[in-house]
Structure formats: structure tokens, C-alpha cells
Chemist: 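Here it is, the structure in full.
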Number of protein chains: 2
Amino acid sequence: MTPVAQMKMDRRKTFNEFISRKRLKSTKQRDVIFEEFFGNYMGRHVTVEELYEDIKRRYPYIGFATVYRTLKLFRESGIASERNFGDGKARYEPIRDEREHHHHMICTECGKIYEFANNQVESCLNQIAKLNEFKLENHKLEIYGLCSSCRGS
Amino acid sequence: MTPVAQMKMDRRKTFNEFISRKRLKSTKQRDVIFEEFFGNYMGRHVTVEELYEDIKRRYPYIGFATVYRTLKLFRESGIASERNFGDGKARYEPIRDEREHHHHMICTECGKIYEFANNQVESCLNQIAKLNEFKLENHKLEIYGLCSSCRGS
DNA sequence: GTTTATATTGATAATACATATCAATTTCAC
DNA sequence: GTGAAATTGATATGTATTATCAATATAAAC
Ligand SMILES: [Zn+2]
Ligand SMILES: [Zn+2]
Ligand SMILES: [Zn+2]
Ligand SMILES: [Zn+2]
């Protein structure tokens, strides 16, 4: 089994456990949205609208609100992250590796999103929180600017 | 003259220059909003609604949209920063010192906003951008968690 | 000071994204 | 299968922001 397929299976397991722990129900719609999200949007940052339009083509009976609600469930269960890059639209990305933690560079010209991780920054933030007696729960770090393609033009 | 008063005068000058450079007009409303914003909200992070409610008490003739538009002008002219801390409401803060650059810690319990600055983080971000051939225009860094008062409870 | 062109204003409508409502339907423990 | 409870999809509502526009204020030209 490929690592990606393995990962997808792990997320499915996590989600199923979440569903049963919370006494929720598994439905056809949730299955479809899971498959679409973890099948086609690995490493991407999709808006609810985009995912809905995508799914609607093959599953026109699936409603808008259901996609919203399901992505929220994905987030709650810890298999997806919600991101917000200042354009007013929430974006979701599948969590690939629980230990993986990354931030984003967003090109203000073409809108492309790049990812990066940096241990030094992370430890700095922990230190800063500690210094201020602040219990760090999470943090948000984004770089906005021009990507290598766009800065040349 | 106190440093704060001096700073306020500097911002006023910058704004006036912006107004005349862009061939805009100075109005009674803009004066009132400037006075209120730079008089009572130094070091704070005020929402449009809050500022509007505050101003309305003494200047009921000033409209909602005007406050929105004026804060946007403050931002464009470089005398105010717009911030967004994930509650869906834009916040504005007077820029105290052009060289000053800071980020925020937001308490998820009481909503209090703390400021911090850190040179090491800044140089890390510059390096990261450079490494990815990314032309850094600006960046956003926030720490969410519990402040010292709230973590104790 | 008067005229005139243009920017501004405030009330309100419109937009955009997200959430709430609710009757009909589906799921699942029994 | 039965019934309680969750889910669904269509739609309404909420919330923050922006657009519209006629009336007004400003400032430059005269
Ligand atoms: Zn680009
Ligand atoms: Zn990402
Ligand atoms: Zn607190
Ligand atoms: Zn600040």
C-alpha cells in the first residue's frame, strides 16, 4: 500500500472513531465528501465552495450546507485543518501527518500557496509565550508577497 | 510637548499630506474620527463598531459608513494598521512608531490582546522567504492561548 | 465672494460568507 | 421491524463589509 493510501486509511479510522465516540451517524454523504477531500485535495487548501462545486458534478444530491458541516466535522475530529488567508473564505486541508506542522506563504499576485516549516521559529514562539506566562494553544504564521514566478514579471 | 502628543501631530501631518496628494478633501467628520482614534485608542485594537458607537455618543450625525471609510483611509495613508484576529471583525490600531513592528498574543478566554516583538523571528522569516525566492511584502503572526490571569483559574 | 467641479456624506441596499431553522428522511440500537 | 435520534437539503437568517446615490460640503477657479 502506498503511503498516501495508508494515510487516508488512518484518517478514515480516526474519523470513524470520532463518529462513534460522539454517537453520530455515518452517512453516504459523509463518505462521498471524505473520499473527495482525501482523494483529490491532499497538499491543497480548498475552499468550501470549490469542494462543493467539485462534488456536485458527480453527486448533485449533496447539498451545500452538508459540505460545510462535514468539513467542520473533519476539523473537530482532527483530520483536517481550517485555514484563513485573509480573502474571507475558509480553506481546509487534509492533515497528512500528525507530527507535521507547517505554515504558509501566499502569493499576492497569483494566489498560489506555498508551505514551510521552521524549528527555530517554533521554539522562538514557545519562548515568547513562556516569557509572558502565556499558555500557547496554537498560532498562526503567514508570509504574504510575490512568489518566484510572479516577482520576475 | 509629550511624546504622545508629538506622535499624534506627526500622524496628522502624514494624513494631511496624504489627503492633499490624493486630491481628497478634509472634512469635519474625518477630523472627529482622527481625534477620537488617536486620542483614545493608542495601544488598543478597536473594531469599527466600537469606534462608531463611541463617536456616536458625542457626534450622532456621523454615520456608520463614514467611520468604515475613514479607517480605511487611515490604513492607506500609513497611520493605522488593520488587524484580524479570527473573530470576523476587522480591528484598527494607531501606528505609534514607523520603525515599530509587532505581533500579537490573543487570550482565547478573556479576549485580551498582548503585543510582542522579536528580532530573531523576523530574521528567520526573511531567511525563509529568501530561500524560497519569495519577495516578502508582509507577514502575520499571532499566538492564541491563555493569558497569565486566565490560565490560573 | 460667487461659481463650479468634484469629493464626501449618511441612509440604505446589496454582497459575501457562514450559520440556523425545520420538515422530511436516514441511521442504528433495541 | 420499531422508534428515538441524527442528518439532510432547501431556505432563511445573521453578520461584517461594500456599493449606491441623491444631497451636501469642500476647495479651486474665476
Ligand atoms: Zn505568484
Ligand atoms: Zn498547508
Ligand atoms: Zn485572558
Ligand atoms: Zn498591536
Chemist: Closer than 4.0 angstrom, basic N to acidic O: yes or no for B:K89 and B:E50?
Modeler: no

Chemist: Whole angstrom is fine here: how far is it from CD1 in B:I55 over to P in C:dG10?
Modeler: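 Rounded to whole Å, this separation is 11 Å.
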
Chemist: Can you tell whether the side chains of A:K72 and A:E76 come within less than 4.0 Å, N to carboxylate O?
Modeler: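 Here A:K72 does not pair with A:E76 in a salt bridge, since their nearest N and O are not under 4.0 Å apart.
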
Chemist: Taking a hydrophobic cluster as the set of Ile, Leu, Val, Met, Phe, Trp and Tyr residues connected by side-chain heavy atoms closer than 4.5 Å, whether directly or through intermediates, do A:V46 and A:F64 fall within one such cluster?
Modeler: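 Per the 4.5 Å side-chain linkage, A:V46 and A:F64 are co-clustered.
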
Chemist: Which whole-number value in Å describes the distance from B:K22 NZ to C:dT6 P?
Modeler: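 Those two atoms, NZ and P, are 18 Å apart.
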
Chemist: Can you tell me how far P of C:dT19 sits from CD of A:E76, to the nearest Å?
Modeler: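 The distance from CD of A:E76 to P of C:dT19 comes to 11 Å, rounded to the nearest Å.
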
Chemist: Report yes if the distance between the aromatic ring centroids of A:Y92 and A:F37 is under 6.0 Å, otherwise no.
Modeler: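 No - the distance between ring centres of A:Y92 and A:F37 does not fall below the 6.0 Å cut-off.
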
Chemist: Charged N to carboxylate O under 4.0 angstrom, B:R12 versus B:E35?
Modeler: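 Yes, charged N to carboxylate O under 4.0 Å.
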
Chemist: Can you find a side chain N or O atom of B:R30 that sits less than 4.0 Å from OP1 or OP2 on C:dT9?
Modeler: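 For B:R30, the contact criterion (side-chain N or O under 4.0 Å from OP1 or OP2 of C:dT9) is met.
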
Chemist: Test of understanding: with side-chain contact (heavy atoms from CB on, under 4.5 Å), list the residues that count as partners of A:R69, not counting sequence neighbours.
Modeler: A:A65, A:T66

Chemist: Measure the distance from OH on A:Y59 to P on D:dT8 and round it to the nearest whole Å.
Modeler: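 Answer to the nearest Å: 15 Å.
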
Chemist: Return the value, rounded to whole Å, for the distance between atom CZ of B:R23 and atom C1' of C:dT8.
Modeler: 17 Å

Chemist: Take atom OH of A:Y52 and atom C1' of C:dA18, then tell me their distance rounded to the nearest Å.
Modeler: 15 Å

Chemist: Measure the distance from CG on A:L71 to P on C:dA18 and round it to the nearest whole Å.
Modeler: 11 Å

Chemist: Roughly, in whole Å, what's the span from CG in A:D31 to P in C:dT26?
Modeler: 15 Å

Chemist: Output yes when B:R151 and A:E133 qualify as a salt bridge under the 4.0 Å nitrogen-oxygen rule, no when they do not.
Modeler: no

Chemist: If a pair means Watson-Crick or G-U wobble with both distances below 3.5 Å, what does DNA chain D look like in dot-bracket form, with | marking bases paired to a different strand?
Modeler: ||||||||||||||||||||||||||||||

Chemist: Would you give a per-nucleotide map of nucleotides 16-30 of chain D, 5' to 3', where B means the base has a protein non-hydrogen atom under 4.0 Å away, S means only the sugar-phosphate does, and - means neither?
Modeler: SBB-B-----BS---

Chemist: Give a yes or no on this: more than 12 heavy atoms of other residues, nucleotides or ligands lie within 6.0 Å of atom CG of A:N119.
Modeler: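 Not buried by this count: 12 neighbours or fewer within 6.0 Å.
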
Chemist: Using 4.0 Å as the upper bound for N to carboxylate O, is an ion pair formed by B:E142 and B:K140?
Modeler: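 A salt bridge links B:K140 with B:E142.
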
